[in-house]
Undergrad: 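Just dropping this structure here.
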Amino acid sequence: MSSTVVQSDFGSAVREGNAPRTIAYWGATGVVTIVPLLAAFAYLTTSPQAVENFRHVGYPQQLRGLLGVGKLAGAIVLLLPGLPMLKEWAYAGFTFMWIAASVAHYLAGDKPLFLLPVALIAVLSVSYVTRSSDRRVSADAMLS
């Protein structure tokens with residue numbers, strides 16, 4: 001009888017025996033990447049609903065293309081292994097984007113809808129806090 005070693009691709013959290021943290025990370029990261037990927041698809045394919053939403057909140061249509069590319073790039077970076085500095089930028093970009101979305105929807109009179117980006121920031125925070133050490137920027141890299 002032979003034993004087989006199963007190699008995990010879930011990073012150091014599983015190797016360190018921290019499965020609940022890994023589950024929280026991938027669950028939160030899954031949500032914060034699926035939402036921007038779907039939005040990027042709508043933005044870049046000029047979905048009538050996306051065009052109308054931008055008009056409704058007063059954003060120029062040119063911003064739709066820029067945000068579509070940014071959301072697509074940010075979601076891909078969060079899913080790929082490594083790239084810790086780009087991940088920091090993606091987390092920051094999503095935070096700023098969802099703050100702006102919340103303010104825009106509030107000012108447009110979308111009272112219940114303005115809370116959705118706030119909820120996404122909360123889920124993004126869970127992803128950020130629970131990420132494994134191989135997805136973080138080292139202190140030395142931050143100083144240089």
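As the structure is a computational prediction, the values presented were derived from the model and not from experiment.
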Undergrad: Can you see which heavy atom on V129 is nearest to which on R21, and at what distance?
TA: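 Scanning both residues, the minimum pair turns out to be O-NH2, 2.8 Å.
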Undergrad: When you compare the side chain of L120 with that of V31, does any pair of heavy atoms fall below 4.5 Å?
TA: yes
Undergrad: For Q49, check side-chain hydrogen bond (donor to acceptor under 3.5 Å, both in side chains) against everything at least two apart and list the hits.
TA: none
Undergrad: How close do A42 and A50 get, heavy atom to heavy atom, and via which atoms?
TA: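 So the minimum-distance heavy-atom pair works out to O-CB, 3.9 Å.
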Undergrad: Please report the closest heavy-atom contact between L67 and M97, naming both atoms and the distance.
TA: CD2-CG, 4.2 Å
Undergrad: Do S132 and Y25 come close enough that some side-chain heavy atom pair is under 4.5 Å?
TA: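 The answer is no; the side chains never approach within 4.5 Å.
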Undergrad: Considering only heavy atoms from C-beta outward, does the side chain of E88 approach that of Y128 to under 4.5 Å?
TA: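 Yes, their side chains come closer than 4.5 Å.
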Undergrad: May I have all residue pairs that pass ring pair (Phe, Tyr, Trp, His ring centres under 6.0 Å) and include part of residues 56-83, sequence neighbours excluded?
TA: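 Non-adjacent pairs meeting ring pair (Phe, Tyr, Trp, His ring centres under 6.0 Å): F54-Y59.
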Undergrad: Taking transitive links into account, so neighbours of neighbours count too, which hydrophobic residues share a cluster with L107 at under 4.5 Å side-chain distance?
TA: V103, Y106, F114, L115
Undergrad: Considering only residues two or more places apart or on different chains, which pairs with a residue in residues 31-46 satisfy side chain to side chain donor-acceptor pair (under 3.5 Å)?
TA: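 For residues 31-46: Y43-K71.
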Undergrad: State which residues pass side-chain hydrogen bond (donor to acceptor under 3.5 Å, both in side chains) with T29; sequence neighbours excluded, sorted by chain then number.
TA: S127
Undergrad: Linking I/L/V/M/F/W/Y whenever their side-chain heavy atoms sit closer than 4.5 Å, directly or via other members, would V35 and V57 fall into one cluster?
TA: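 Yes; tracing contacts between hydrophobic side chains, which count when under 4.5 Å, links both residues.
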Undergrad: Taking side-chain contact (heavy atoms from CB on, under 4.5 Å) as the definition, give me every residue that meets it alongside I34, ordered by chain and number, with sequence neighbours left out.
TA: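 If we apply the side-chain contact (heavy atoms from CB on, under 4.5 Å) test to I34, skipping adjacent residues, the hits are L38.
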Undergrad: Can I get a per-line list of side-chain donor-acceptor pairs under 3.5 Å for residues 75-82, giving both atom names and the distance, sequence neighbours left out?
TA:
none

Undergrad: Applying a strict under-4.5 Å side-chain criterion to I, L, V, M, F, W and Y, I'd like to know whether I99 and L63 cluster together.
TA: yes
Undergrad: Can you list everything that forms a side-chain contact (heavy atoms from CB on, under 4.5 Å) with P112? Sequence neighbours excluded, please.
TA: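 Partners of P112 by the side-chain contact (heavy atoms from CB on, under 4.5 Å) criterion come out as none, since no residue qualifies.
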Undergrad: Holding to salt bridge (charged side-chain N to carboxylate O under 4.0 Å, His left out), I want the full list of residues that pass it with R136, two or more places apart in sequence or in another chain.
TA: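 Partners of R136 by the salt bridge (charged side-chain N to carboxylate O under 4.0 Å, His left out) criterion come out as none, since no residue qualifies.
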Undergrad: Working to the nearest 0.5 Å, report the span between CH2 of W89 and CZ of F96.
TA: 9.0 Å
Undergrad: Can you name the closest pair of heavy atoms from A24 and T130 and give their distance?
TA: C-OG1, 4.0 Å
Undergrad: With salt bridge (charged side-chain N to carboxylate O under 4.0 Å, His left out) as the rule and sequence neighbours excluded, what pairs involving residues 50-63 come up?
TA: E52-R55
Undergrad: State yes or no: do V32 and W26 share one hydrophobic cluster built from I, L, V, M, F, W and Y residues joined by side-chain heavy-atom distances below 4.5 Å, directly or via other members?
TA: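 Yes; tracing contacts between hydrophobic side chains, which count when under 4.5 Å, links both residues.
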Undergrad: Partners of F41 by ring-ring contact (aromatic ring centres under 6.0 Å, His included), sequence neighbours excluded?
TA: none
Undergrad: Could you list all the side chain to side chain donor-acceptor pair (under 3.5 Å) pairs where at least one residue sits in residues 93-103, not counting sequence neighbours?
TA: none
